[in-house]
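Presented below is the structure to which this report refers.
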Amino acid sequence: MGSIVLKSLSILLGLFFVFVGTMKLTSHISKDLHKDLRKEYVKYAKVFPLASTLDFKVPSKWYRRVVGSLEIVCGLAMALIPSYKIKNACNGVLLLLMVMAVYSHYMVNDKFERIAPALVFFFMLTGRLVIDWQLRRKEVQAATTNGIDDKSKKQD
């Protein structure tokens with residue numbers, strides 16, 4: 001049993017991340033935006049959290065490619081794959097990417113206008129997880145009130 005809100009939110013978020021990830025990997029959508037992203041990731045690679053703590057330098061080209069690829073893969077999974085476990089795992093990965101984006105923008109002293117989209121999508125992804133958890137909890141409560149326990153279902 002699913003919610004139309006959860007399904008539509010999963011599809012829309014998934015398609016958004018596919019779009020954004022594609023812009024990071026290729027210039028087919030917008031050459032100017034792709035060029036700008038390439039320049040920005042040079043700054044973001046310098047403030048990568050492991051760069052200072054472990055003295056690990058990540059090349060900006062690969063940082064951008066990995067983030068873009070993860071956004072595309074997780075976006076496709078959220079939009080197309082029906083398994084809620086996979087959707088939630090991808091949601092978690094995208095949440096981590098949004099936290100990294102907010103951190104990177106903050107560390108390079110970007111204006112709030114540059115940070116705001118990452119914050120908005122962080123809260124949308126968090127909201128999607130909360131809705132999913134509430135639906136799962138409601139299903140479990142309905143099953144236990146009907147006299148059906150999850151353990152007895154698995155034994156049958």
Side-chain angles (χ1 to χ4, degrees), residues 1-140:
M1 179 180 219
S3 165
I4 189 136
V5 172
L6 184 63
K7 288 179 183 177
S8 59
L9 194 55
S10 296
I11 291 170
L12 291 173
L13 282 170
L15 292 176
F16 169 78
F17 280 105
V18 169
F19 176 72
V20 171
T22 302
M23 284 194 314
K24 289 177 182 163
L25 295 180
T26 182
S27 63
H28 292 304
I29 295 173
S30 172
K31 289 183 182 188
D32 292 335
L33 190 55
H34 179 71
K35 188 176 180 181
D36 182 49
L37 283 169
R38 287 173 57 184
K39 288 180 185 175
E40 292 297 316
Y41 266 86
V42 171
K43 294 189 291 188
Y44 302 151
K46 290 178 183 174
V47 296
F48 187 71
L50 297 177
S52 61
T53 56
L54 297 177
D55 204 26
F56 174 73
K57 303 295 181 199
V58 60
S60 62
K61 179 180 184 178
W62 286 105
Y63 186 35
R64 179 178 46 85
R65 287 179 176 177
V66 167
V67 169
S69 298
L70 282 172
E71 287 175 345
I72 290 171
V73 169
C74 290
L76 285 172
M78 280 186 62
L80 302 175
I81 296 178
S83 169
Y84 78 91
K85 290 180 181 180
I86 293 174
K87 284 182 187 282
N88 288 348
C90 291
N91 199 125
V93 170
L94 291 171
L95 267 172
L96 180 66
L97 290 178
M98 290 300 99
V99 169
M100 291 288 296
V102 170
Y103 172 81
S104 298
H105 286 297
Y106 177 75
M107 292 303 290
V108 298
N109 294 322
D110 276 342
K111 294 181 180 179
F112 183 72
E113 292 84 25
R114 300 280 298 209
I115 300 173
L119 283 172
V120 168
F121 284 97
F122 170 80
F123 289 122
M124 288 179 74
L125 288 164
T126 303
R128 190 213 158 274
L129 270 183
V130 169
I131 291 168
D132 183 70
W133 288 333
Q134 287 177 342
L135 288 174
R136 301 280 163 240
R137 191 181 72 207
K138 191 182 288 187
E139 287 176 1
V140 169

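Keep in mind it's a predicted model, so treat the numbers as computed, not measured.
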Reported CG-to-CG distance for the pair L129 and L95, which is rounded to 0.5 angstrom: 5.5 Å
Side chains of V58 and V66: closer than 4.5 Å at any heavy-atom pair? no
NZ/K61 to CZ/R38 distance, rounded to the nearest 0.5 angstrom? 8.0 Å
Do R114 and V108 have side-chain heavy atoms sitting under 4.5 Å apart? no
Are Y44 and Y41 close enough that their ring centers fall under 6.0 Å? yes
Separation between SG of C74 and CG of L13, rounded to the nearest 0.5 Å: 12.0 Å
Ring of W62, cation from R65 - is the NZ or CZ under 6.0 Å from the centre and inside 45° of the axis? yes
Could you check H34 against R64 for side-chain contact (heavy atoms from CB on, under 4.5 Å), going step by step and ending with a plain yes or no? CA-CA 11 Å; H34 179 71; R64 179 178 46 85; 3.5 Å; yes
Between atom CD of E40 and atom OG of S60, what is the distance when rounded to the nearest 0.5 Å? 11.5 Å
Taking all heavy atoms of G75 and all of V18, pick out the closest pair and write down the distance. C-CG2, 3.8 Å
Would you say D132 and L135 make side-chain contact, with heavy atoms under 4.5 Å? no
Please enumerate all residues that pass salt bridge (charged side-chain N to carboxylate O under 4.0 Å, His left out) together with K138, with sequence neighbours excluded. none
Any idea which heavy atoms bring L125 and N91 closest together, and the distance? O-ND2, 3.2 Å
Classify the ring geometry between F48 and Y63 as parallel (under 30°), tilted (30 to 60°) or perpendicular (over 60°). perpendicular
Would you say that V130 contacts Q134 through its side chain, given a criterion of any heavy-atom pair below 4.5 Å between the two side chains? yes
List the steps and the verdict of side-chain contact (heavy atoms from CB on, under 4.5 Å) for R136 and Y84. CA-CA 10 Å; R136 301 280 163 240; Y84 78 91; 2.9 Å; yes
Out of curiosity, I131 CD1 to T126 OG1, how far, rounded to the nearest 0.5 Å? 11.0 Å
Are F112 and L119 side-chain neighbours, meaning at least one heavy-atom pair lies under 4.5 Å? yes
Residue list, ring-ring contact (aromatic ring centres under 6.0 Å, His included) with F122, at least two apart or on another chain: none
What are the two closest non-hydrogen atoms of R128 and S10, and how far apart are they? NE-OG, 2.8 Å
Taking every non-hydrogen atom, the tightest pair across C90 and M78: CB-CG, 3.9 Å
F19 side chain near I29 side chain, heavy-atom distance below 4.5 Å: yes
L6/K87 under side-chain contact (heavy atoms from CB on, under 4.5 Å): CA gap, chis, key distance, verdict: CA-CA 11 Å; L6 184 63; K87 284 182 187 282; over 6 Å; no
Looking only at heavy atoms, which two atoms of A45 and P59 are closest? And how far apart? CB-C, 4.5 Å
How long is the span from the CH2 atom in W133 to the CG atom in N88, to the nearest 0.5 Å? 7.5 Å
Working for side-chain contact (heavy atoms from CB on, under 4.5 Å), residues V67 and M100: CA-CA 10 Å; V67 169; M100 291 288 296; over 6 Å; no
Determine the minimum heavy-atom distance between V93 and L70, stating which atoms define it. CG1-CD2, 4.4 Å
